[in-house]
Each structure stands twice: as C-alpha cells, then as structure tokens.
Amino acid sequence: MNKRLFLVFLLFLSFSALSQKTEVSLISWNIRDFGKTKNGAELEKIAEIVRDTDILAIQEVVAGYGGAQAVAKLSDILNRKGAQWDYVISSPTNSPKYASERYAFIWKTKNIKIKNRGWLLDELNLNIDREPFLLDFYLNKQKFTVINFHSRPHDKNPESEIEALSNFVVDSLRTPLIIAGDFNVDEKEPVFDLLKSKGYKATITNKKTTLKRTCKRGEYLNYAIDNIFHSIDVKKNDGGVIDFVKLCNRIEQARKISDHIPVFLIFRIERKQP
C-alpha cells in the first residue's frame, strides 16, 4: 500500500471511530392504568412484545401503590428472558386531582448506560398537567436524551401543552434528543410545526395507535396520537407501530393490556459529542 492510500485508510478509520453507527431501538407505549390491575399473565404478554427493544418508555404508570411495583415486576420478567435490564420510575407528576401519573424507562444494560436517574421537567408544571420526564442515555459514551411525555386528553387542549414543551425543547435542550409519548394530537397538526421547523421529524405518519372498544367491519384501530419525534442528528433507520392485536376476536383481551399499541423507532446517532 503506497503512502497516499495509507493516509486515506487512516482518515477512514478516524472518521469511523468518530461516527456513531450502532443501532438503538426504542419503544414508546401508553400502557393504560399500569399498576396492580395488571396480572402476571398480562405482564408476561407485555414482556414478550417489548423484549427485543433496547429502551422502553412507558406512559400512564399509576402514581399510587402498584405502579412502581408493576414496573419492577416487568423488569424482573424481562431479566429472565436472556438479557439484563434496569429501570427508573419518575416521581408522581404535579397534576390536577386524578390526573397524576408516573413515567418509566426500562432498558437493556449491556450497551445502554445512564449517569443519573432522570428528572421531571418542573419548569413546565404550570403549563403541562403531567410534566414530562427526561433521562440521558449513553451508548459508547455517546449521549442522547429521551423525553417521556403524556399530554392531557384531546378535549382539554393538549395543543397548549405541546406548544409549551416545544418552546422549552427549542430554547433549553441540546440534541441528540427524542420526544416519545402519547400526544393526544395527530402529528400532522400545526402545533408540531415549531419542532419540524427545527429539524425534528415524526417517526410515524398516518398510523393509528389507539384501540376501539369493539371491532367493526374488521377495523379496531382508532386515533393517530402516539409518536416519537427525533432531532435531526438522530437518524431513523426504521419505525412503526407494533400491532399485537391483529384479529378482531382479540380486541377484548388486547384492551386488558392497553387501549394503545406501541410505537417504535430504530435509530443511530452520528454526531460526535464534545
């Protein structure tokens, strides 16, 4: 190999070392009333659905007794399926009566690390009923941040919460950044225009993510309100929904797990952190 080719080869190795190419998968799931109402069989089913992901973000963890215990039980079930997992649970959100919840993250520890246990964004608790939960993850020393968010219901102006969160993200947080959750608003609505103008993209479009109470004419999916938004330096390799229902006659059993189906993002991070 001549000297010039050798230098090109060294440059290629240097560039490869600086670029993060390892894929990460993330599932976001509003698991309705995630607490003591979930029995062992239902937790086992949830574990089978999410076992292949690297990170699971859960919304609607019960704030009172049973919520934290359900997260711990799910993590224990996952630990018995061939990989080691860890978890964090937020404090109860500072919410109006009957609206308080917790958020949770569960992740595989082999490649994904953390340096803190995350925190609720208290700066937003006057603008958002269930203030989001933020956690920094590290993959090969590469930091990326995930915000876990559950907006207020569609008839209580979730748009104002999304606007407040968008302004905070744009003004106060660094990327790579992912916002995962139940927005109660379709990503096509104008309220997401600020995020999109800053390079954020929705993982899915035109994908319904909630379950009807009954299946009519073969249709059991309802609204497109769950999503994962990612900053421009989070490169999407794949994304979609995990339809664990599939057949009309399974809708009743499926709704015992949740009235939402999971959303997933497979991504890589290419920007070198300073």
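Hydrogens, waters and symmetry mates play no part in the numbers below; they use all other heavy atoms, side chains included. In this chain, residues are counted from 1 in sequence order.
Residues N127 and E161 fail the side-chain proximity criterion, which asks for heavy atoms closer than 4.5 Å.
When only modelled atom types and interatomic distance are considered, N184 and H154 share no side-chain donor-acceptor pair under 3.5 Å. Side chain to side chain, T175 and D233 meet the donor-acceptor criterion of an N or O pair below 3.5 Å. Using modelled atom types and a 3.5 Å distance limit, the side chains of Q59 and D182 yield no donor-acceptor pair.
Under the disulfide bond (SG atoms under 2.5 Å apart) criterion, no residue pair touches residues 79-156, with sequence neighbours excluded. Each disulfide bond (SG atoms under 2.5 Å apart) pair with one or both residues in residues 45-108, not counting sequence neighbours, would appear here, but there are none.
Residues passing the side chain to side chain contact (heavy atoms under 4.5 Å, CB included) test with K115 are Y138, sequence neighbours excluded. Residues meeting the salt bridge (charged side-chain N to carboxylate O under 4.0 Å, His left out) test with D54, sequence neighbours left out: none. Evaluation of the salt bridge (charged side-chain N to carboxylate O under 4.0 Å, His left out) rule for D136 yields K143 as partners, not counting sequence neighbours. Remark: N94 engages N125, E131 in a side chain to side chain contact (heavy atoms under 4.5 Å, CB included) (not counting sequence neighbours). A search for side chain to side chain contact (heavy atoms under 4.5 Å, CB included) contacts involving K156 returns R152, P153, not counting sequence neighbours. For E187, the salt bridge (charged side-chain N to carboxylate O under 4.0 Å, His left out) criterion is met by K196, not counting sequence neighbours. Partners of D86 under the salt bridge (charged side-chain N to carboxylate O under 4.0 Å, His left out) rule, at least two apart in sequence or in another chain, are R117.
When the shell of 6.0 Å around NZ of K201 is examined, it contains 12 or fewer heavy atoms from other residues, nucleotides or ligands. For K45, the NZ atom counts as loosely surrounded, since its 6.0 Å shell holds 12 or fewer non-hydrogen atoms of other residues, nucleotides or ligands.
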Donor-acceptor list for residues 240-257 side chains, cut-off 3.5 Å, not counting sequence neighbours:
| unit_1 | atom_1 | unit_2 | atom_2 | d |
| --- | --- | --- | --- | --- |
| D243 | OD1 | Y220 | OH | 3.4 |
| D243 | OD1 | V245 | N | 3.0 |
| D243 | OD1 | K246 | N | 3.3 |
| D243 | OD2 | Y220 | OH | 2.6 |
| K246 | NZ | D243 | O | 2.9 |
| R250 | NH1 | V245 | O | 3.4 |
| Q253 | OE1 | K256 | NZ | 3.1 |
| R255 | NH1 | L211 | O | 3.0 |
| R255 | NH1 | K212 | O | 3.4 |

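Here F229 and Y200 keep their ring centres 6.0 angstrom or further from each other. Ring centers of Y103 and F149: at least 6.0 Å apart, outside the cut-off. You'll find the ring centres of F183 and F192 inside the 6.0 Å limit. If you look at F133 and W119, their ring centroids are not closer than 6.0 Å.
Atom-to-atom distance recorded for I49:CD1 and E44:CD is 11.0 Å, nearest 0.5 angstrom. Put simply, CD1 on I27 and CD1 on I261 are 11.5 Å apart, with the number rounded to the nearest 0.5 Å.
Exactly one of D226, N222, T210, T209 qualifies for a side-chain hydrogen bond (donor to acceptor under 3.5 Å, both in side chains) with H260. That residue is D226.
The hydrophobic cluster around Y223 extends to I225, counting ILVMFWY residues whose side-chain heavy atoms fall within less than 4.5 Å of a member. Applying the under-4.5 Å side-chain rule to Ile, Leu, Val, Met, Phe, Trp and Tyr, the cluster around I232 consists of that residue alone.
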